[in-house]
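Quick caveat, the model's predicted, so the values are computed rather than measured. In what follows, every heavy atom counts, from backbone to side chain, and hydrogens, waters and symmetry copies are set aside.
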Amino acid sequence: MSSQNQGLKLIHQPDDSGYRLLELPPDLANLLESDAAPVLTLESSDDSAILRTPDKAYHLRQKNTSNALLLLSPKSSPDSADQELAIISTIHETVELDVMPELPVRADKLADTGSRGKWHEMFGKGR
């Protein structure tokens, strides 16, 4: 008795979750896959969001693409042996992480922010 492969049925079932794909640099992906994965934090800045690890910071930058990516989820129905895939989201944007350069440290061990002569910087030197 032979069986015919009917193929894979593809259905459209968006779930309105608003997915974004995040491109991780290899060093960050390795850090997150390690047994001692650190806690990451997100914070806002004037021009973008910032993802922080214990020793690095990354700018989050949205990139648009002309090629849509389809996010699929397996579906199975109890009354049918057919296999189905559901398109749960169509993604046109990805989020890229750019490493932020570290600010140089001055001789007095304060970060060099580029500003000069501010009261709180002068006050901090004498403490």
Side-chain angles (χ1 to χ4, degrees):
M1 194 170 176
S2 72
S3 62
Q4 288 184 325
N5 186 355
Q6 298 295 325
L8 196 60
K9 186 175 180 182
L10 187 63
I11 57 176
H12 191 252
Q13 284 185 324
D15 67 2
D16 298 325
S17 291
Y19 295 97
R20 295 285 187 267
L21 292 182
L22 183 65
E23 292 182 35
L24 297 178
D27 60 332
L28 182 56
N30 291 336
L31 182 65
L32 293 175
E33 291 173 347
S34 71
D35 291 337
V39 173
L40 305 180
T41 58
L42 280 174
E43 56 188 55
S44 64
S45 72
D46 293 337
D47 57 350
S48 71
I50 298 172
L51 177 72
R52 292 199 182 273
T53 67
D55 59 344
K56 284 189 181 177
Y58 300 88
H59 280 289
L60 276 71
R61 183 174 56 161
Q62 180 173 304
K63 293 176 62 177
N64 296 334
T65 178
S66 59
N67 298 326
L69 299 168
L70 303 176
L71 188 57
L72 304 174
S73 176
K75 297 287 181 188
S76 61
S77 54
D79 58 344
S80 173
D82 293 338
Q83 293 181 344
E84 295 180 347
L85 282 177
I87 301 170
I88 59 172
S89 184
T90 304
I91 300 171
H92 295 278
E93 303 91 19
T94 59
V95 178
E96 181 179 71
L97 299 179
D98 292 328
V99 177
M100 292 176 56
E102 292 184 26
L103 294 174
V105 177
R106 302 183 321 202
D108 57 8
K109 297 186 180 167
L110 295 174
D112 187 359
T113 62
S115 62
R116 299 286 180 260
K118 300 231 176 174
W119 179 84
H120 63 277
E121 289 178 352
M122 291 188 281
F123 179 74
K125 286 181 185 178
R127 291 187 137 217

Mind running side chain to side chain contact (heavy atoms under 4.5 Å, CB included) on Glu96 and Thr94 for me, showing each step along the way? CA-CA 6 Å; Glu96 181 179 71; Thr94 59; 5.6 Å; no
Sequence-distant partners of [X], side-chain contact (heavy atoms from CB on, under 4.5 Å), two or more places apart:
X	value
Leu24	Leu22, Leu28, Ala29, Leu32, Leu97
Pro14	His12
Asp15	Ser17, Tyr19, Ile88

With sequence neighbours excluded, residues passing salt bridge (Lys or Arg N to Asp or Glu O under 4.0 Å) with Glu43 =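 Glu43 satisfies salt bridge (Lys or Arg N to Asp or Glu O under 4.0 Å) with Arg52 only.
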List the residues meeting salt bridge (Lys or Arg N to Asp or Glu O under 4.0 Å) with Asp98, not counting sequence neighbours, and say none if there are none.
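If we apply the salt bridge (Lys or Arg N to Asp or Glu O under 4.0 Å) test to Asp98, skipping adjacent residues, the hits are Arg61.
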Q) Hey, does Leu72 have a side-chain heavy atom less than 4.5 Å from the side chain of Leu10? A)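 With C-beta onward as the side chain, the pair touches.
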- Message: Do Leu21 and Leu69 make a side-chain contact, defined as non-hydrogen atoms from C-beta onward lying under 4.5 Å apart?
- Response: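 Result yes, sub-4.5 Å side-chain heavy-atom pair found.
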* Same cluster (ILVMFWY, side-chain, under 4.5 Å), Tyr58 and Leu42 ->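 They do share one cluster, since a chain of ILVMFWY contacts under 4.5 Å joins Tyr58 to Leu42.
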**Asked** Do Val99 and Val95 share a hydrophobic cluster (ILVMFWY, side-chain heavy atoms under 4.5 Å, transitive)?
**Response**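 In one cluster: yes.
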Open item on the list: My understanding is that a hydrophobic cluster links ILVMFWY residues whose side chain heavy atoms are under 4.5 Å apart, including indirect links. Using that, what else belongs to the cluster containing Val39?
Closed with: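 None, because no other hydrophobic side chain comes under 4.5 Å of this residue.
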With sequence neighbours left out, what residues match [X] under side-chain hydrogen bond (donor to acceptor under 3.5 Å, both in side chains)?
X	answer
Thr53	Asp55
Ser48	His59
Asp47	Ser45
Thr90	none

### N/O donor-acceptor pair under 3.5 Å between Ser89 side chain and Ile91 backbone
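No, the answer is negative, given that no donor and acceptor are paired below the 3.5 Å cut-off.
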Starting at [atom1] of [X], measure out to [atom2] of [Y] and round the result to the nearest 0.5 Å.
X	Y	atom1	atom2	result
Glu84	Lys75	CD	NZ	9.0 Å
Ser73	Leu85	OG	CG	8.0 Å
Leu51	Thr41	CG	OG1	7.0 Å

* Asked: Which residue pairs pass the salt bridge (Lys or Arg N to Asp or Glu O under 4.0 Å) test when at least one of the two sits in residues 17-30, sequence neighbours left out?
  ->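 Those involving residues 17-30 are Arg20-Glu93, Asp27-Lys56.
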